[in-house]
Student: 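Next up is a structure, given as structure tokens.
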Amino acid sequence: MDKPLMQVRNVKKYFPVDKGLFGKKTGTVHAVDDISFDVYEKETLAIVGESGCGKSTLGRTLIRLLDATEGTAHFEGRDIFSLSQNELRQLRKEMQIIFQDPFASLNPRMKVSDIIAEPLITHESLGKKEREDRVAELMELVGLRKAYGSRYPHMFSGGQRQRIGIARALALHPKFIVCDEPVSALDVSIQSQIINLLQKLQEQNNLTYLFISHDLSVVRYFSDRIGVMFLGKMMELGPTEEVYRQPLHPYTKFLIAAAPVPDPRSRNQEKLILEGDIPSPLRPPSGCRFHTRCPYVQDICKSKEPEIQQFDGRSVACHFPLV
Ligand SMILES: Nc1ncnc2c1ncn2[C@@H]1O[C@H](COP(=O)(O)OP(=O)(O)OP(=O)(O)O)[C@@H](O)[C@H]1O
Ligand code: SF4
Ligand SMILES: [Mg+2]
């Protein structure tokens, strides 16, 4: 882990919601709300948090599948939010995404070899033979038999479909891949196979991953650093082992306590029970967004938003970090 590949500064993504009478705007979803962090070359940065906290929106905004409302993101020096269409085409080769649902993300009417070849046709001017060779190479890379190329997605298991999605994502030699819950839809026994494959591919191809997950037990042994989101905010970010060993944010502590623990030594950790539902991102609470659920809440938390504090390579947004 050395230099930053991506520098994300004050990124916001708001969605106007207009379900009112006569299409009247009824509010704004603060899906990603002023988030800053770096992603280092060849690292796996996990982004965790409960459903709806903005993980996918963040990932999609960073690779320009969504337009940011505010903020900047520099990728190898280029401000990716202000690129021309031509520059964006180039960027598409360098940044890819692997989706959660390998059933929905593959066109059921296309043969596997055509699905994998599609980005090559769009972005590269290869001859037919070269393209076929590259597709065969990609299939081998992800552990799919070449003969399967003429089959259709429905003929494959979930794990194999995810391998197809991974092959397609790798087709253009990307540097940065957003993995958006790539194993959440798979059986537990298959999950580790796909994680192992992603790790092998990362080493072979010097890939950098933004690995989105709601499952803390999945990312613990796989990520270098972990960022914890709650209601559009980054609550804590730091090296994975340190965050697990000593969470600084009450919400992180809760998430870790709620995750299944395979290591019996950690089972006696103090449990933190949260009350109440997640507040709506349409009307986030004042002050600290977590204050309606936090067992450590004080008066200041209700009125003043905590600033991000740095502790030796770690950061936390809390008035009373658990140091
Ligand atoms: N296109 C959209 N229009 C309006 N609201 C949206 C849109 N996309 C996402 N949202 C809202 O933004 C918030 C963040 O959604 P997002 O999908 O990023 O969360 P997530 O953390 O990925 O959740 P999950 O774990 O369920 O995938 C949610 O409140 C969601 O309803
Ligand atoms: S700022 Fe206050 S309410 Fe928010 S997490 Fe910290 S202690 Fe809890
Ligand atoms: Mg999501």
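Every number for a ligand or one of its atoms is a count from 1 in the order of the listing. Position 1 is the first residue of the sequence; numbering continues from there.
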Student: Which atoms of ligand 1 are found less than 4.0 Å from any heavy atom of Pro281?
Tutor: 29 (O)

Student: Number the atoms of ligand 1 from 1 as they appear, then name those within less than 4.0 Å of a heavy atom of Ala31, with their elements.
Tutor: 12 (O), 13 (C), 14 (C)

Student: Please check this pair: side chain of Arg161 against backbone of Phe156, looking for a donor-acceptor N/O pair closer than 3.5 Å.
Tutor: yes

Student: Out of all atoms in ligand 2, which are within 4.0 Å of some heavy atom of His291? Include the element for each.
Tutor: 3 (S)

Student: For atom 6 (Fe) of ligand 2, what is the closest protein heavy atom, and at what distance to 0.1 Å?
Tutor: Cys318 SG, 2.2 Å

Student: Touching ligand 1 at all, Glu181? Heavy atoms, strictly under 4.0 Å?
Tutor: yes

Student: Which is closest to atom 25 (O) of ligand 1 by heavy-atom distance: His214, Lys55, Gln100?
Tutor: Lys55

Student: Touching ligand 2 at all, Lys302? Heavy atoms, strictly under 4.0 Å?
Tutor: no

Student: Would you confirm whether Tyr244, through its side chain, and Leu216, through its main-chain N or O, come within 3.5 Å as a donor-acceptor pair?
Tutor: yes

Student: How far is atom 2 (Fe) of ligand 2 from its nearest protein heavy atom, and which residue and atom is that?
Tutor: Cys301 SG, 2.3 Å

Student: Show all protein N/O/S atoms under 2.8 Å from the Mg ion (ligand 3), or state that there are none.
Tutor: Ser56 OG

Student: As a test of understanding, state which of Tyr296, Phe230, Phe254, Phe320 forms a ring pair (Phe, Tyr, Trp, His ring centres under 6.0 Å) with Phe290.
Tutor: Phe230

Student: Quick one: which of Phe15, Tyr14, Phe230 has a heavy atom closest to atom 10 (N) of ligand 1?
Tutor: Phe15

Student: Which heavy atom of the protein is the closest neighbour of atom 4 (Fe) of ligand 2, given with residue, atom name and distance?
Tutor: Cys288 SG, 2.4 Å

Student: Any chance you could measure Gln162, atom CD, to Phe99, atom CZ, to the nearest 0.5 Å?
Tutor: 10.0 Å

Student: Verify the neighbour count for atom CD of Gln204: are there more than 12 heavy atoms of other residues, nucleotides or ligands below 6.0 Å?
Tutor: yes

Student: Judged on heavy-atom distance to atom 13 (C) of ligand 1, which of Gly52, Ser184, Ser56 sits nearest?
Tutor: Gly52

Student: Look at the rings of Tyr251 and His249 and say which category their plane angle falls in: under 30° parallel, 30 to 60° tilted, over 60° perpendicular.
Tutor: perpendicular

Student: Mark up the atoms of ligand 2 that fall under 4.0 Å of a heavy atom belonging to Pro250, in ascending order.
Tutor: 5 (S)

Student: Would you confirm whether any non-hydrogen atom of the protein falls under 4.0 Å from atom 31 (O) of ligand 1?
Tutor: no

Student: Minimum heavy-atom separation for Lys304 to His319, with atom names?
Tutor: O-NE2, 2.7 Å

Student: Among Thr28, Thr57, Leu66, which residue places a heavy atom closest to atom 18 (O) of ligand 1?
Tutor: Thr57

Student: Can you tell me if Gly49 contacts ligand 1 (heavy atom of the residue under 4.0 Å from the ligand)?
Tutor: no

Student: With no hydrogens and no angle check, just 3.5 Å: does a side-chain donor-acceptor pair link Asp180 and Ser56?
Tutor: yes

Student: To check your reading of the model: name the closest protein heavy atom to atom 1 (S) of ligand 2, its residue, and the distance in Å.
Tutor: His319 N, 3.2 Å

Student: Quick one: does Val29 get a heavy atom under 4.0 Å from ligand 1?
Tutor: yes

Student: Would you mind running through ligand 2 and noting each atom that sits below 4.0 Å from a heavy atom of Phe290?
Tutor: 5 (S)

Student: To the nearest 0.5 Å, tell me how far Lys13 NZ sits from Thr69 OG1.
Tutor: 4.5 Å

Student: Does the side chain of Tyr221 come under 3.5 Å of the side chain of Gln199 through a donor N or O and an acceptor N or O?
Tutor: no

Student: Using the rule that Ile, Leu, Val, Met, Phe, Trp and Tyr join whenever any side-chain heavy atoms are under 4.5 Å apart, tell me whether Ile194 and Phe211 fall into a single cluster.
Tutor: yes

Student: If you draw a 6.0 Å radius around NZ in Lys12, do more than 12 non-hydrogen atoms from other residues or ligands fall strictly inside?
Tutor: yes

Student: Are Val48 and Val178 co-members of a hydrophobic cluster defined by side-chain heavy atoms under 4.5 Å apart?
Tutor: no

Student: Output yes if His249 passes the N/O/S-under-2.8 Å test against atom 8 (Fe) of ligand 2; output no otherwise.
Tutor: no

Student: In the protein, which heavy atom is nearest to atom 8 (Fe) of ligand 2, and how far is it?
Tutor: Cys294 SG, 2.4 Å

